[in-house]
Amino acid sequence: TVHRAYLDGEIDEIPTPGLHHAFVQLPDETMVWGSQNHGGGEALVEQAIDSTDEQVLWTCADDWLSTNYCESNGLYYVEKTNSFLYSFYTNDSIVEVSRDTGESMWWAGDVRNGYEFDPENSEFEWQHGVSYTESGTLLVSTEAINNSGYTTMVREYTVDHDRETLTEVWNFDPDIYASTNGDAWRLDNGNTLH
């Protein structure tokens with residue numbers, strides 16, 4: 001269940017059966033979440049705020065035939081393309097799902113047949129907080145290894161659909177390790193919040 005609240009009281013309670021980790025509320029207040037109760041390993045489910053009808057948009061098992069275990073940790077709505085960036089920590093992968101068709105538009109990470117990384121050592125792992133910047137680059141908070149050991153860093157990629165490649169264009173390593181969570185957002189002033 002998602003509870004919407006002000007600081008001094010609850011606004012409403014929205015049932016989200018099977019909610020595992022990630023959810024978003026769209027501009028029209030439709031709720032979308034990753035569900036462990038709708039079959040297919042994990043399902044992307046949507047429900048209008050004034051309805052009890054749930055619609056399964058995508059399942060891990062239907063599109064990622066080589067993967068039988070999915071648990072999400074990030075969901076980002078892309079209004080421009082009416083799609084979702086959907087992040088899975090269990091297989092270090094991100095997929096973009098069309099809301100209109102329910103199909104995978106592209107994916108990258110450890111799930112087979114996904115986009116490549118350039119350079120190869122820029123691949124994300126245990127990623128969280130996926131988002132697109134205003135200029136269309138992909139931001140990811142990710143676990144990595146540096147000279148000090150494990151670190152949690154930000155990687156920024158261009159997504160080249162013709163070459164099926166994520167090309168790293170920027171990264172920032174604060175040399176601090178967070179064992180879980182992490183978000184990455186490009187602010188209006190050009191700074192990056194991590």
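As the structure is a computational prediction, the values presented were derived from the model and not from experiment.
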Compare every heavy atom of Met105 with every heavy atom of Ser83, then report the nearest pair and how far apart it is. CB-SD, 3.6 Å
Within a 6.0 Å radius of atom CZ on Phe117, are there more than 12 heavy atoms belonging to other residues, nucleotides or ligands? yes
Mind jotting down which residue pairs meet the salt bridge (Lys or Arg N to Asp or Glu O under 4.0 Å) criterion with at least one end in residues 76-92? Sequence neighbours excluded, please. none
Rounded at 0.5 Å granularity, tell me how far CG in Asn91 sits from SG in Cys60. 6.0 Å
Which pairs pass ring pair (Phe, Tyr, Trp, His ring centres under 6.0 Å) with one or both residues in residues 173-194, sequence neighbours excluded? Tyr76-Trp185, Tyr150-Tyr177
Could you tell me how the ring of Trp58 sits relative to the ring of Phe88: parallel (under 30°), tilted (30 to 60°) or perpendicular (over 60°)? tilted
Residues pairing under salt bridge (Lys or Arg N to Asp or Glu O under 4.0 Å) where one sits in residues 42-53, two or more places apart or in two chains, turn out to be Glu46-Arg99
If a pair satisfies salt bridge (Lys or Arg N to Asp or Glu O under 4.0 Å) and one of its residues is in residues 157-185, list it, with sequence neighbours excluded. Asp118-Arg163, Arg155-Glu168, Asp160-Arg163
Taking atom types as modelled and ignoring hydrogens, do the side chains of Thr165 and Thr167 form a donor-acceptor contact shorter than 3.5 angstrom? no
Any side-chain donor paired with an acceptor under 3.5 Å for Glu156 and Thr137? yes
Assign the ring pair His128 / Tyr89 to parallel, tilted or perpendicular, where the plane angle (0 to 90°) is split at 30° and 60°. parallel
Qualifying salt bridge (Lys or Arg N to Asp or Glu O under 4.0 Å) pairs with a residue from residues 9-33, counting only residues at least two apart or across chains: Arg4-Asp12, Arg4-Glu29
Tell me if the CG atom of Asn189 is crowded by more than 12 foreign heavy atoms within 6.0 Å. yes
Atom pair OG1/CG of Thr101 and Asn82 - distance to nearest 0.5 Å: 9.5 Å
From CG (Leu138) to CD1 (Ile94), nearest 0.5 Å: 5.0 Å
Tell me, please, which residues at least two apart from Glu54 pass salt bridge (Lys or Arg N to Asp or Glu O under 4.0 Å). none
